[in-house]
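Numbers restart at 1 for each chain; the letters A, B, ... are given by sequence-line order, proteins then strands. All values derive from a computational prediction rather than experimental measurement.
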Amino acid sequence: MSDPIIPTDMGPLIPRNRAMHPAAYDIDYKTSVPRSPKWPLLSMESTPSEETGPRFGHSLIGPMDNNLIINFSKDANKPAIGERVLMHGRVLDENGRPVPNTLVEIWQANAGGRYRHIKDTYLAPLDPNFGGCGRTITDENGYYEFLTIRPGAYPWPNRGNEWRPMHIHISVFGHSFAQRLITQMYFEGDPLIDHCPIAATIKNRSQLDRLVSALDFSKSRPLDFLAYKFDIVLRGRRQTMFENKLEGM
Amino acid sequence: MVQKLDTLVETPSQTAGPYVHIGTIPTFAGNPGIYPEDLGLRAIEDGAAGEVITITGSVIDGTGWALRDAMIESWQADAAGKFPGQAGADAKVNGFCRFAAHKDTGEFTLRTVKPGKTPMRGGGFQAPHIALWIVARGINIGLQTRIYFEDEDNSADPLLSRIEQRNRVDTLIAKKTGDGQYRFDIRLQGDDETVFLDM
Ligand SMILES: [Fe+2]
């Protein structure tokens with residue numbers, strides 16, 4: 001499963017700036033109320049348990065894995081219904097370096113806002129040709145792409161009349177287990193973003209803006225698909241000349 | 001004004017939501033066939049060195065209810081304390097595993113080998129442990145914690161030593177329930193809230 005890694009001490013992870021993330025408890029997102037720890041987290045410098053992590057080789061990925069339009073039907077003549085969208089971007093770390101060869105997974109609702117999941121009973125129909133998940137591994141420059149359809153907005157039980165903006169869920173590994181990140185990509189111009197209590201768990205507006213993908217004509221293909229750019233930044237490693245390590249930067 | 005820092009800020013987390021299984025363990029979500037098999041199905045392959053153990057537990061909310069929709073990932077060293085990818089590591093130990101709370105009972109099960117103690121930067125060892133990462137609907141940023149073992153010597157572990165309230169140390173220690181069997185419940189809130197980590 002794992003590709004070999006070099007057991008060089010790359011330095012501890014930069015401690016997470018939790019002010020840039022949602023708090024565990026947010027009264028407007030009701031499910032967080034009973035699921036949020038109340039005691040402070042135990043902070044400590046990372047150890048090899050956090051600094052190492054699973055690696056996945058390119059051999060894991062099938063040729064259709066990052067094409068959600070056909071990876072469920074497995075048939076180019078049976079594409080998913082919806083507005084065709086290229087989602088693309090780079091995975092970087094806090095030091096601005098690309099994160100190459102890392103697994104990126106996505107999942108989403110179909111064009112009507114319905115998930116293919118045993119627990120989703122929304123009245124919008126399933127698309128027989130849409131599964132709603134994809135995966136890829138970043139290239140040597142940290143770049144990734146998915147071809148998919150624009151997911152629909154959907155209602156959900158929270159306050160009286162709640163709708164999620166169009167969004168794609170994203171899971172990224174990085175190279176350290178404590179770089180693990182799950183987040184959501186929104187779409188430029190969606191008016192529902194400003195009404196969503198899940199988006200609003202992020203109190204820093206410029207941080208929330210970073211989850212809104214930009215319409216990108218430079219990658220849009222005429223007569224085929226629109227592109228949206230979404231870069232992702234993972235935690236970095238601290239390297240100074242004054243730490244006990246084997247190699248410099 | 002001061003010089004501009006050229007470091008980037010980490011992308012903010014968002015909840016994994018109720019349908020996290022579609023993207024991470026699609027067969028569990030009822031969608032087999034997109035990939036040959038789900039990622040992280042096994043922490044170990046047949047022939048892994050060391051004691052094979054099974055850890056069972058639940059993720060319990062502040063009301064005492066076991067979550068039915070939690071998704072957990074684990075990462076650990078092999079029986080000799082080497083992480084996958086390090087020189088000399090046991091090739092039969094994947095180290096990584098993904099598992100979900102059962103949709104009806106909320107119970108999860110992790111089958112693996114008991115890890116060895118692992119060296120710290122700057123000297124010393126950590127007691128055998130398994131790192132966990134827990135995500136679910138209502139969890140806005142994935143929760144880090146660890147499983148230690150009651151039948152190991154945990155007395156010099158640097159993380160456990162930092163817990164000021166010694167009555168909370170037990171929340172990180174799996175209880176032996178039988179031969180190779182352990183119980184480890186994760187309490188998100190309330191009495192006996194698990195110690196969660198910021199590392
Ligand atoms: Fe969603």
Per-residue contact mode, [X] against chain A (heavy atom under 4.5 angstrom):
X	value
Leu159(B)	both
Val59(B)	neither
Ile134(B)	neither
Phe83(B)	side chain

How long is the gap from CH2 on Trp39(A) to CD on Gln165(B), to the nearest 0.5 Å? 7.5 Å
Could you please state which residues from residues 5-19 of chain B sit under 4.5 angstrom from chain A, measuring non-hydrogen atom to non-hydrogen atom, sorted by number, or 'none'? Thr7(B), Leu8(B), Val9(B), Glu10(B), Thr11(B), Pro12(B), Ser13(B), Gln14(B), Thr15(B), Ala16(B), Pro18(B), Tyr19(B)
Which residues, numbered in order, of residues 21-33 of chain B come under 4.5 angstrom of chain A by heavy-atom distance? His21(B), Ile22(B), Gly23(B), Thr24(B), Pro26(B), Phe28(B), Ala29(B), Asn31(B), Gly33(B)
More than 12 foreign heavy atoms under 6.0 Å from CG of Asp191(B): is that the case here? no
Lys78(A) atom NZ, over 12 foreign heavy atoms within 6.0 Å: no
Report which part of [X] has an atom under 4.5 Å of a heavy atom belonging to chain B: side chain, backbone, both, or neither.
X	answer
Ile170(A)	neither
Gln108(A)	neither
Val33(A)	backbone
Glu50(A)	side chain
Asn71(A)	both
Thr201(A)	side chain
Arg210(A)	side chain
Ser49(A)	both
His169(A)	side chain

So do the side chains of [X] and [Y] get within less than 4.5 Å of each other, counting heavy atoms only?
X	Y	answer
Leu60(A)	Leu39(B)	yes
Trp75(B)	Thr52(A)	yes
Ile118(A)	Lys103(B)	yes
Pro48(A)	Gln126(B)	yes
Glu45(A)	Met199(B)	no

If you count heavy-atom pairs within less than 4.5 Å of chain B, which of Lys74(A), Met20(A), Arg18(A) leads? Arg18(A)
Under 4.5 Å, counting heavy-atom pairs only, tell me which of Leu13(A), Asp26(A), Leu92(A), Leu42(A) racks up the most with chain B. Leu42(A)
Can you name the nearest heavy-atom pair linking [X] to [Y], along with the distance?
X	Y	answer
Asp61(B)	Pro34(A)	CB-O, 3.4 Å
Arg35(A)	Gly138(B)	CB-O, 4.0 Å
Ser36(A)	Gln189(B)	O-NE2, 2.8 Å

Check side-chain hydrogen bond (donor to acceptor under 3.5 Å, both in side chains) between Glu152(B) and all other residues, then give those that pass, not counting sequence neighbours. Lys114(B)
Going by salt bridge (charged side-chain N to carboxylate O under 4.0 Å, His left out), name the pairs with one or both residues in residues 74-92 of chain B, residues two or more places apart or in two chains. none
Before giving the answer on side chain to side chain contact (heavy atoms under 4.5 Å, CB included), spell out for Phe173(A) and Glu73(B) the whole-Å C-alpha distance, their side-chain angles and the decisive distance to 0.1 Å. CA-CA 11 Å; Phe173(A) 276 81; Glu73(B) 293 179 353; 4.0 Å; yes
